[in-house]
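All ligand and atom numbering here is 1-based and tracks the order in the structure.
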Amino acid sequence: MSHTERLPRTRTYLMCPPEHFTVEYAINPWMDTTVPVDPALALKQWQLLKDTLTDLGHTVHVLEPRPDLPDMVYAANGAFSVDGKVYGARFAYPQRAAEAAAHRHFYVSGSWEFTDPEHVNEGEGDFAYLPGAYGGLILAGHGFRTEPVAHTEAQEVLGRPVISLQLVDPAYYHLDTALAALDDRNVTYFPEAFSPASQRVLAQLFPDAVIADRADAEAFGLNLVSDGRHVVLNTEATAMGEKVRAAGYTPVHVELGELKRGGGSVKCAVAELRP
Ligand code: ARG
């Protein structure tokens, strides 16, 4: 099968090093407080992910980690930006609440138009943006963290249509554990993580989507970062790598085993900045 050449677009990202990463509370099914994490290994793996993104030509900004916020490495949850506008996060669990202010500080110190949210939402964990789909489309997840009313709020703040999708499997509690943008107009997703109605919506909007299976989702293969050509995903997700390769993308695997102990992988650790 032949594909039109997949063209990368240079991106800007925000990441936060896991210097104080631990699993000391459990707010998703992947977190096990009885198994210690290896902080040095987590940091080494994170550095390699950052180097991979910069080697691909992207810019990575770094947020200062705070010792009292062990989940701060999952930088995707701190906000959601589209066209220079930023919709701030409001975390569902008190343990992570203070992360929102750290992200807010980053944006208000720059040339972003920042809006404080009224409703609970976990930033890019539950929001994805496809600039080339229907002139610019936001996909939004609810069911575990982000409240549906935050989808309406995001649409008003960002001025782009928001498609609400219901997540139904607690293992896939954020949209970015079950769906990812592969480029400006196409996605990959694990259908069973969504309600039957939301599966229909996705099938209607994205007839060419790359369909992932349960094993791909379990390996955090959907938790990927793509620049439109290079798809960065963790080493465990080998089958997912082959699926995106068959669709004409280039998989780039990185070892990120320690971050899975907190219930996240590549995408969770990377927020895209869209000026
Ligand atoms: N331990 C974090 C939490 O449960 C993991 C967040 C993962 N981030 C993501 N974008 N899916 O909140």
Side-chain angles (χ1 to χ4, degrees), residues 13-37 39 42 45-46 49 63 65-66 68-81 87-100 102-103 120-129 138-147 150 154 165 167 169-181 188-190 193-194 212 216-226 232-234 236-237 256-273:
Y13 299 117
L14 180 63
M15 296 177 68
C16 180
E19 278 169 32
H20 311 289
F21 176 58
T22 56
V23 179
E24 58 191 42
Y25 51 79
I27 56 173
N28 70 58
W30 304 91
M31 298 175 87
D32 181 349
T33 55
T34 65
V35 183
V37 303
Q45 293 176 341
W46 178 89
L49 169 61
L63 204 60
R66 274 181 39 176
D68 55 330
L69 298 171
D71 268 338
M72 239 185 123
V73 62
Y74 304 108
N77 298 123
F80 177 52
S81 67
Y87 177 49
R90 195 168 152 192
F91 285 80
Y93 290 99
Q95 293 95 327
R96 298 194 66 188
E99 293 181 40
H103 284 263
V120 170
N121 82 88
E122 296 198 344
E124 279 204 339
D126 274 321
F127 289 104
Y129 186 56
I138 294 168
L139 302 180
H142 69 90
F144 298 99
R145 301 288 180 91
T146 298
E147 291 173 350
L165 302 164
L167 296 162
D169 184 335
Y172 309 110
Y173 58 95
H174 274 142
L175 182 70
D176 72 2
T177 63
L179 177 148
T188 177
Y189 64 97
F190 169 47
F194 297 91
D216 298 323
E218 272 172 11
F220 269 78
L222 279 307
N223 199 247
L224 60 83
V225 168
S226 175
V232 182
L233 71 178
N234 79 82
E236 195 189 330
L256 220 53
E258 285 308 290
L259 286 198
K260 199 181 177 188
R261 298 182 191 279
S265 194
V266 177
K267 173 60 211 162
C268 299
V270 179
E272 184 168 347
L273 305 177

Put together the list of close N/O pairs, under 3.5 Å, between ligand 1 and the protein, could you?
from: ligand 1; atom 1: 1 (N); to: Asp71; atom 2: OD1; distance (Å): 3.1
from: ligand 1; atom 1: 1 (N); to: Asp71; atom 2: OD2; distance (Å): 3.0
from: ligand 1; atom 1: 1 (N); to: Gly262; atom 2: O; distance (Å): 2.8
from: ligand 1; atom 1: 4 (O); to: Asn28; atom 2: ND2; distance (Å): 2.7
from: ligand 1; atom 1: 4 (O); to: Arg145; atom 2: NH2; distance (Å): 2.8
from: ligand 1; atom 1: 8 (N); to: Asn77; atom 2: OD1; distance (Å): 3.0
from: ligand 1; atom 1: 10 (N); to: Asn77; atom 2: ND2; distance (Å): 3.2
from: ligand 1; atom 1: 10 (N); to: Asp176; atom 2: OD1; distance (Å): 3.4
from: ligand 1; atom 1: 10 (N); to: Asp176; atom 2: OD2; distance (Å): 2.6
from: ligand 1; atom 1: 11 (N); to: His174; atom 2: ND1; distance (Å): 2.7
from: ligand 1; atom 1: 11 (N); to: Asp176; atom 2: OD1; distance (Å): 2.7
from: ligand 1; atom 1: 12 (O); to: Arg96; atom 2: NH1; distance (Å): 2.6
from: ligand 1; atom 1: 12 (O); to: Arg145; atom 2: NH1; distance (Å): 2.8

Asn234 side-chain N/O to Ser265 backbone N/O, donor-acceptor pair under 3.5 Å: no

Using only atom types and a distance under 3.5 Å, with no angle test, would you say the side chain of Trp46 pairs donor to acceptor with the backbone of Cys16? yes

Taking Leu69's backbone N and O only, do any of them form a donor-acceptor pair with Glu99's side chain (distance below 3.5 Å, no angle check)? no

Report yes or no: does Tyr87 contribute a side-chain atom to a donor-acceptor pair with the main-chain N or O of Asn121 at less than 3.5 Å? no

Can Asp126 and Thr146 be said to form a side-chain hydrogen bond (donor to acceptor under 3.5 Å, both in side chains), step by step? CA-CA 7 Å; Asp126 274 321; Thr146 298; 2.7 Å; yes

Nearest 0.5 Å please: distance from the CZ atom of Phe190 over to the CG atom of Asp216. 9.0 Å

